[in-house]
Engineer: 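Quick one: this structure, given as structure tokens, is what I'll be asking you about.
In what follows, chains are A, B, ... by sequence order, proteins preceding strands, each numbered from 1. Owing to the predicted nature of the structure, the values given are computational and were not obtained by experimental measurement. Side chains included, hydrogens not; waters and symmetry mates left out as well; all remaining heavy atoms used.
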Amino acid sequence: MKKYKILSLLNSETPLDSIVINGWVRTKRDSSSFSFIEVNDGSCLKNIQIIAENKLSNYNDIKKLSIGSAVTVYGDLAESKGSGQKWEIQAKKFDIISIASDSYPLQKKRHTDEYLRTIAHLRPRTNKYGAVFRIRSELSFAIHKFFRDKGFKYIHTPIITGSDCEGAGEMFKVTAIDPEKAIKINGQSDYSQEFFGKPANLTVSGQLSAEMFALALGDVYTFGPTFRAENSNTRRHAAEFWMIEPEMVFCDINDDMDLGEQTIKYLTGYALKECKEDLELFATFVDKELINNLENICSSDFIRLPYEEAVKILKESKEKFEYEVSFGKDLQAEHENYLAGQYFKKPVILYNYPKSIKPFYMRVSDDDKTVAAMDILVPGIGELIGGSQREERLDVLELRMEECGLIKENYWWYLDSRRFGTVPHSGFGLGFERLLMLVTGIKNIRDVIPFPRTPGNIEF
RNA sequence: UCCCCAGUAGCUCAGCAGGUAGAGCAAGUGGCUGUUAACCACUUUGUCCGCGGUUCGAGUCCGUGCUGGGGAGCCA
């Protein structure tokens, strides 16, 4: 008796004798002398149909099987006499591992995403969420494959950081001290009592660390969790999310845009090729245009547009915007949506943003007005990638830090990299969940991450 | 954090102008059938989100809080 995944049985070329499968009952239909039981093991979207005849010694128990129950089936893979499927299993022995209580919340019908969020521990057992998380797994692998094939090294940057400002939003504080017992001196927290002897936070980006390794190993990337304590309540933001951050040496903003575009195209193409069956579900039930959109992303060039020209387009458009557009002001969501969703109807790379609205580490252009920053905007999602060429000149970088009100001493090691063999280098951050939203057509970030963390929500 | 919308059975929803609740699905029982979101018949189920108010009377109107959704800001 050989153990099989349902995926491999459904793809079998020939009938097979003496096989074993393990899984959970998705649905059951009784006939006069036997039952049809569909079992799923998570290996693929489809269930396999089991024929359990009343000759089986425990048939009375099998007849009472509830949805969600765990079973092990021994039998033969045979061609199905019915029309809905090629293969089915003729059960010779049918072990009931455990019975799911009839209060099992998942029913044989479509549930709303909002309801399924309240049972996030059970939702991966549904077709839709099973598909999401299989795709999530496949694309995680694809990320490593993409970068490894290009000669990038994978770097693990710290999750806990001592930098109190990495220039990307509010941070979660990390402490081992019970707040009830925290010692205060003149009303001020005494950080010398802290685990690290100074304030610590959860990382908002691995970029600064990755830069150090790029200057040693060459092109590198990180792929890990990232934390933002912003009180963001939108369908595109989570407090904990996964980010891919490549950092390339001897590389300018144009190379950076090239890599960003290639990455999105590769991962989209990978999903189209390797996750066909799961993607079909989304194309059928979530977004009818999905496959078309994804194919367009793979095949057509992204628009590249300097910020200044984007401002011009927006000013000349007849569209009525709530917020005014002018050089030096950051573009609002409505502007980005207009450019990517309506004007070009495809991904747009905006670059050369005004210096005044971007962080200290971005390279100052010759005009001294802009920095070598780039954002990749995608219809329906907005910003998928944010990146830049880094300021590699020590004197300019120090000046920018002063302008941005940062304490240089805290960044001594970062500045060291500009003293010892500094080179032009660039990188970006790609939001993994936003990529999954793009690939699946799912509209809410909470539905592409196993247990989403958002303001006021840390159940599970 | 701000603006808008919603909160009725396990799930999805109806309940039009204030008169104390209903459908489909699920669940339970029986029947039928190589079925496939199976089908047919019968049966069960409710602090109408919480609190306060208006009224003879509130699921329905008003206030407030909580939860969820959408949009904005912040960004990936």
Engineer: Please list, in numerical order, the residues of residues 124-141 of chain A that have a heavy atom closer than 4.0 Å to any atom of RNA chain B.
Structural biologist: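 Listed by number, there are none.
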
Engineer: Return the pairing partner of A14(B) with a 3.5 Å limit on both distances, Watson-Crick or G-U wobble; otherwise return none.
Structural biologist: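 With both distances under 3.5 Å required, A14(B) matches none.
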
Engineer: Which atoms of nucleotides 28-30 of chain B (N or O only) lie under 3.5 Å from a protein N or O atom, and what are those distances?
Structural biologist:
none

Engineer: Quick check: any donor-acceptor pair below 3.5 Å linking the side-chain of Ser232(A) to the base of C74(B)?
Structural biologist: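 Side chain to base: pair found, below 3.5 Å.
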
Engineer: Can you check the distance between U1(B) and C75(B), where both ends of the measurement are the C1' atom (answer in whole Å)?
Structural biologist: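 One C1' to the other, the span is 16 Å.
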
Engineer: Would you kindly give the CD-to-C1' distance between Glu245(A) and C75(B), to the nearest whole Å?
Structural biologist: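 Taking atom C1' of C75(B) as the reference, CD of Glu245(A) is at 13 Å.
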
Engineer: Given the P atoms of C39(B) and A6(B), what is the spacing between them in whole Å?
Structural biologist: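 Looking at atom P only, C39(B) and A6(B) are 34 Å apart.
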
Engineer: Is Tyr115(A) touching bases, backbone alone, or none of the nucleic acid, heavy atoms closer than 4.0 Å?
Structural biologist: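 Touches sugar-phosphate only.
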
Engineer: Across all strands, who's sitting opposite U54(B) as a Watson-Crick or G-U wobble pair, both distances under 3.5 Å?
Structural biologist: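 No nucleotide pairs with U54(B).
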
Engineer: Rounded to the nearest angstrom, tell me the gap between atom CG in Leu116(A) and atom P in G69(B).
Structural biologist: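 Atom CG in Leu116(A) sits about 12 Å away from atom P in G69(B).
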
Engineer: Within less than 4.0 Å of OP1 or OP2 of G69(B), is there a side-chain N or O belonging to Arg117(A)?
Structural biologist: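 The answer is yes; a side-chain N or O of Arg117(A) sits under 4.0 Å from OP1 or OP2.
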
Engineer: Mind checking the C1' distance from C61(B) to A27(B)? Whole angstroms is fine.
Structural biologist: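 Result for the C1' pair: 37 Å, nearest Å.
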
Engineer: If the condition is side chain to side chain contact (heavy atoms under 4.5 Å, CB included), which residues does Gln90(A) pass it with, not counting sequence neighbours?
Structural biologist: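 With neighbours one apart ignored, the set is Ile51(A), Glu53(A), Ala78(A), Glu88(A).
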
Engineer: Paired with G73(B): which nucleotide, if any, by Watson-Crick or G-U wobble criteria at under 3.5 Å for both distances?
Structural biologist: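 For G73(B), the partner nucleotide comes out as none, under the 3.5 Å rule.
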
Engineer: Only one of Thr118(A), Asp447(A), Asp113(A) forms a side-chain hydrogen bond (donor to acceptor under 3.5 Å, both in side chains) with Arg123(A), so which one is it?
Structural biologist: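 Per the side-chain hydrogen bond (donor to acceptor under 3.5 Å, both in side chains) rule, the option paired with Arg123(A) is Asp447(A), out of Thr118(A), Asp447(A), Asp113(A).
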
Engineer: Can you tell me how far C1' in G46(B) sits from the matching atom in G10(B), rounded to whole Å?
Structural biologist: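 It comes out at 11 Å once rounded to the nearest Å.
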
Engineer: Among Phe213(A), Phe223(A), Phe147(A), which one satisfies ring pair (Phe, Tyr, Trp, His ring centres under 6.0 Å) with Phe152(A)?
Structural biologist: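 The single option meeting the ring pair (Phe, Tyr, Trp, His ring centres under 6.0 Å) with Phe152(A) is Phe147(A).
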
Engineer: Base, sugar-phosphate, or nothing for Arg446(A), non-hydrogen atoms under 4.0 angstrom?
Structural biologist: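 Answer is sugar-phosphate: Arg446(A) comes under 4.0 Å of backbone atoms only.
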
Engineer: Any side-chain N or O of Asn444(A) below 4.0 angstrom from OP1/OP2 of G70(B)?
Structural biologist: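 Yes, Asn444(A) has a side-chain N/O under 4.0 Å of OP1/OP2 on G70(B).
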
Engineer: Which letter, B, S or -, goes with each nucleotide of nucleotides 34-44 of chain B from 5' to 3', with contact meaning a protein heavy atom under 4.0 Å?
Structural biologist: BBBBB------

Engineer: Roughly how far apart, to the nearest Å, are G50(B) and C74(B) at atom P?
Structural biologist: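 My reading of the P atoms in G50(B) and C74(B) gives 38 Å.
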
Engineer: Sort out the partner of U67(B) for me: Watson-Crick or G-U wobble, both distances under 3.5 Å, none otherwise.
Structural biologist: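 Its partner is A6(B).
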
Engineer: Is it the case that C75(B) (base atoms only) and His237(A) (side chain only) share a donor and an acceptor within less than 3.5 Å, ignoring hydrogens and angles?
Structural biologist: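 Donor-acceptor pair under 3.5 Å: yes.
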
Engineer: What pair of heavy atoms forms the shortest contact from Ile96(A) to Ile62(A), and how long is it?
Structural biologist: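 Smallest heavy-atom distance, with atoms named: CD1-N, 4.0 Å.
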
Engineer: Paired with U35(B) by Watson-Crick or G-U wobble geometry, both distances under 3.5 Å: which nucleotide is it?
Structural biologist: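 Answer to the pairing question: none, since U35(B) forms no Watson-Crick or G-U pair.
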
Engineer: With both distances under 3.5 Å as the test, what is the Watson-Crick or G-U wobble partner of U43(B)?
Structural biologist: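 A27(B) - that is the nucleotide pairing with U43(B), both distances being under 3.5 Å.
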
Engineer: In whole Å, measure the gap between the C1' atoms of A23(B) and A14(B) for me.
Structural biologist: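 My reading of the C1' atoms in A23(B) and A14(B) gives 7 Å.
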
Engineer: Using atom CD1 of Ile445(A) as one end and atom P of C75(B) as the other, report the distance to the nearest whole Å.
Structural biologist: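 So the CD1-P distance, Ile445(A) to C75(B), works out to 15 Å.
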
Engineer: Could you work out the separation of A26(B) and A37(B) based on their C1' atoms and round it to a whole Å?
Structural biologist: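 That atom pair is separated by 12 Å.
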
Engineer: Looking at Leu77(A) and Thr14(A), what are the two nearest heavy atoms and their distance?
Structural biologist: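 Answer, listing the atom of Leu77(A) first, then Thr14(A): CD2-O, 4.0 Å.
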
Engineer: For Gln107(A), which contact category applies under a 4.0 Å heavy-atom criterion: base, sugar-phosphate, or nothing?
Structural biologist: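 Base, at least one base heavy atom under 4.0 Å.
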
Engineer: Using atom NZ of Lys443(A) as one end and atom P of G71(B) as the other, report the distance to the nearest whole Å.
Structural biologist: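 Taking NZ of Lys443(A) and P of G71(B), I get 11 Å after rounding.
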
Engineer: Rounding to an integer number of Å, can you tell me how far Arg453(A) CZ sits from C75(B) P?
Structural biologist: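 After rounding, the reported distance stands at 24 Å.
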
Engineer: Counting just side-chain N and O atoms, does Arg235(A) come under 4.0 Å of either OP1 or OP2 of G71(B)?
Structural biologist: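 Checking G71(B) against Arg235(A), a side-chain N or O does come within under 4.0 Å of OP1 or OP2.
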
Engineer: Would you list the pairs meeting ring-ring contact (aromatic ring centres under 6.0 Å, His included) in which at least one residue belongs to residues 18-44 of chain A, sequence neighbours left out?
Structural biologist: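 Sorted pair list: Phe34(A)-Phe36(A).
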
Engineer: Classify Tyr104(A) by what it touches in the nucleic acid, base, sugar-phosphate, or nothing, heavy-atom distance under 4.0 Å.
Structural biologist: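 No contact.
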
Engineer: According to the 5.5 Å centroid and 30° plane-angle thresholds, does Phe432(A) stack upon the nucleobase of A76(B)?
Structural biologist: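 Base of A76(B): not stacked against Phe432(A).
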
Engineer: Could you walk me through whether Phe344(A) and Leu377(A) satisfy the side-chain contact (heavy atoms from CB on, under 4.5 Å) test, starting with their C-alpha distance in whole Å, then the side-chain angles of each, then the deciding distance to 0.1 Å, before giving a yes or no?
Structural biologist: CA-CA 11 Å; Phe344(A) 292 111; Leu377(A) 312 175; over 6 Å; no

Engineer: Taking only heavy atoms on the protein side, list every residue of residues 330-343 of chain A lying under 4.0 Å from any atom of RNA chain B, sorted numerically.
Structural biologist: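 Output list: Gln332(A), Ala333(A).
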
Engineer: Considering every strand and a 4.0 Å limit on heavy-atom distances, what is the contact class for Ile385(A): base, sugar-phosphate, or nothing?
Structural biologist: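 Ile385(A): backbone/sugar contact only, no base atoms under 4.0 Å.
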
Engineer: Measure from NZ on Lys358(A) to C1' on C74(B) and round the result to the nearest Å.
Structural biologist: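 In whole Å, C74(B) C1' lies 12 Å from Lys358(A) NZ.
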
Engineer: Taking atom C1' in both A58(B) and A17(B), what distance in whole Å separates the two?
Structural biologist: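 Straight-line distance between the two C1' atoms is 14 Å.
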
Engineer: Answer with yes or no after comparing the ring centroid distance for Tyr411(A) and Phe360(A) against a 6.0 Å cut-off, counting only values under it.
Structural biologist: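 Ring centres of Phe360(A) and Tyr411(A) closer than 6.0 Å.
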
Engineer: Looking across every strand, which nucleic acid part, if any, lies under 4.0 Å from Thr234(A) by heavy atom: base, sugar-phosphate, or nothing?
Structural biologist: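 Result for Thr234(A) = base.
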
Engineer: Compare every heavy atom of Lys443(A) with every heavy atom of Met437(A), then report the nearest pair and how far apart it is.
Structural biologist: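 Result for this residue pair: CE-O, 3.4 Å.
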
Engineer: Give a yes or no answer on whether the side chain of Ser66(A) reaches the backbone of Ala100(A) with a donor-acceptor pair at less than 3.5 Å.
Structural biologist: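 A pair under 3.5 Å: yes.
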
Engineer: Quick one, Met362(A) and Lys355(A) - any side-chain contact, counting heavy atoms below 4.5 Å?
Structural biologist: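 Side chain of Met362(A) against side chain of Lys355(A), heavy atoms only: no contact under 4.5 Å found.
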
Engineer: Take atom CZ of Arg123(A) and atom P of C11(B), then tell me their distance rounded to the nearest Å.
Structural biologist: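 Interatomic distance, CZ of Arg123(A) to P of C11(B): 17 Å.
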
